[in-house]
Amino acid sequence: MHEKFEALIQGYLADDYATCEDFFDLNLIASLRKNLQKGHADGMMHQAGVGKQASFQQNQKIRGDVILWMENDSIEPSELAFMAIVTAFYAYLNQTCYTGINGSEFHNALYETGSFYKRHLDQFKLDSNRQFSMLTYLNEDWKATDGGELVLYLDGKEIIIQPQGGRVVFFKADKIEHEVRPAKRERMSIAGWLLRG
Ligand code: OGA
Ligand code: MN
């Protein structure tokens with residue numbers, strides 16, 4: 001696992017963002033996808049909001065995904081396996097980069113066909129505890145023609161990333177503006193943040 005941790009860290013140090021293929025093995029990705037689909041079928045997912053507390057607003061002109069938070073006391077095996085790897089990753093990140101991460105938060109996210117998330121920054125204006133963003137894609141056989149790209153805005157450049165299953169994207173939450181372009185099919189991911197607070 002350390003090679004994959006290093007891939008994210010080295011990429012981030014060199015370019016401010018990193019991607020890694022098959023960061024989580026594909027059996028785990030398949031279980032996480034089934035778990036998300038079950039949550040959706042059971043009516044557990046809700047419209048995502050924008051901002052925090054007083055500035056929280058639900059606004060489908062800004063984002064259209066439905067989400068389900070991963071609880072820290074989850075007993076779902078795929079979520080436990082996911083969180084164990086994330087925790088090992090940030091322990092390694094702390095050791096190698098002195099980042100002081102002491103928690104994390106993740107939600108399952110589903111973008112129905114046509115949904116998007118406009119350009120934004122993940123760190124809240126009034127709360128800086130989100131240090132790093134970490135996205136994990138759960139989609140099988142994503143094609144360039146399916147849309148739903150993640151676009152990172154980096155020094156005037158646009159970095160286009162397809163939400164292919166198993167791919168992880170990692171970047172500094174206060175630095176990189178990004179958006180999700182409208183998807184032409186259902187788009188599933190786990191989005192989350194490494195926290196210091
Ligand atoms: C987010 C987000 C991007 C993606 O949830 O904040 O930017 O590719 N998601 O799912
Ligand atoms: Mn975001």
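Indexing begins at 1, ligand by ligand and atom by atom, following the structure's order. In what follows, residues are counted from 1 in the order of the sequence shown. Note that the coordinates shown come from a computational prediction; the quantities given were computed from them, not determined experimentally.
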TODO: Could you please spell out the steps behind the ring-ring contact (aromatic ring centres under 6.0 Å, His included) verdict for F132 and Y12?
DONE: CA-CA 10 Å; F132 294 94; Y12 155 68; 5.3 Å; yes
Task: Heavy atom of the protein closest to atom 5 (O) of ligand 1 (residue, atom name, distance) - done: A191 CB, 3.6 Å
Task: Which residue and heavy atom of the protein sit nearest atom 8 (O) of ligand 1, plus the separation - done: Y137 OH, 2.5 Å
TODO: List the closest protein heavy-atom neighbour of atom 10 (O) of ligand 1: residue, atom name, distance to the nearest 0.1 Å.
DONE: R187 NH1, 2.9 Å
Exercise answer: donor-acceptor pairs, residues 186-197 side-chain atoms, under 3.5 Å, sequence neighbours excluded:
residue, atom, partner, partner atom, Å
R187, NE, G148, O, 2.7
R187, NH2, G148, O, 3.2
W193, NE1, D122, OD2, 3.0
W193, NE1, S133, OG, 3.3
R196, NH1, T99, O, 3.2

- [ ] Please report which non-hydrogen protein atom sits nearest to atom 6 (O) of ligand 1, along with the residue it belongs to and the distance in Å to one decimal place.
- [x] D122 OD1, 3.1 Å
Open item on the list: Using heavy atoms and a 4.0 Å limit, tell me yes or no: is H120 in contact with ligand 1?
Closed with: yes
Open item on the list: Taking 4.0 Å as the limit for heavy-atom contacts, which would you say applies to E179 with ligand 1: side chain only, backbone only, both, or neither?
Closed with: neither
Task: Protein heavy-atom partner closest to atom 9 (N) of ligand 1 - residue, atom, separation in Å - done: L135 CD2, 3.7 Å
- [ ] Examine ligand 1 and decide if any of its atoms is less than 4.0 Å from a heavy atom belonging to S189.
- [x] yes
Task: CG (N72) with more than 12 external heavy atoms under 6.0 Å - done: no
TODO: Supply the members, apart from I75, of the Ile/Leu/Val/Met/Phe/Trp/Tyr cluster built from side-chain contacts under 4.5 Å; use none for a lone residue.
DONE: none
Open item on the list: Less than 4.0 angstrom from a charged side-chain N to a carboxylate O is my criterion; do E179 and K118 meet it?
Closed with: no
Task: L150 neighbourhood, listing ligand 1 atoms whose heavy-atom distance to it stays under 4.0 Å - done: 3 (C), 8 (O)
Task: Atom indices of ligand 1, in the order listed, that fall short of 4.0 Å to a heavy atom of W193 - done: 6 (O)
Open item on the list: Can you count the protein N/O/S atoms lying under 2.8 Å from the Mn ion (ligand 2), leaving waters out?
Closed with: 3
Open item on the list: Does R63 qualify as a cation-pi partner of F116, given the criterion of NZ or CZ under 6.0 Å from the six-membered ring centre and within 45 degrees of its axis?
Closed with: no
TODO: Could you identify which residues cluster with L152, counting Ile, Leu, Val, Met, Phe, Trp and Tyr as linked when any side-chain heavy atoms lie under 4.5 Å apart, either directly or through a chain of such contacts?
DONE: Y17, L135, Y137, L150, L154, I159, I161, V169, F171, I176
- [ ] Please step through ring-ring contact (aromatic ring centres under 6.0 Å, His included) for the pair H2 and Y92, ending with a clear verdict.
- [x] CA-CA 8 Å; H2 281 184; Y92 187 82; 4.5 Å; yes
TODO: Show your reasoning for whether side-chain contact (heavy atoms from CB on, under 4.5 Å) applies to W142 and R185.
DONE: CA-CA 9 Å; W142 197 269; R185 55 180 263 209; 3.6 Å; yes
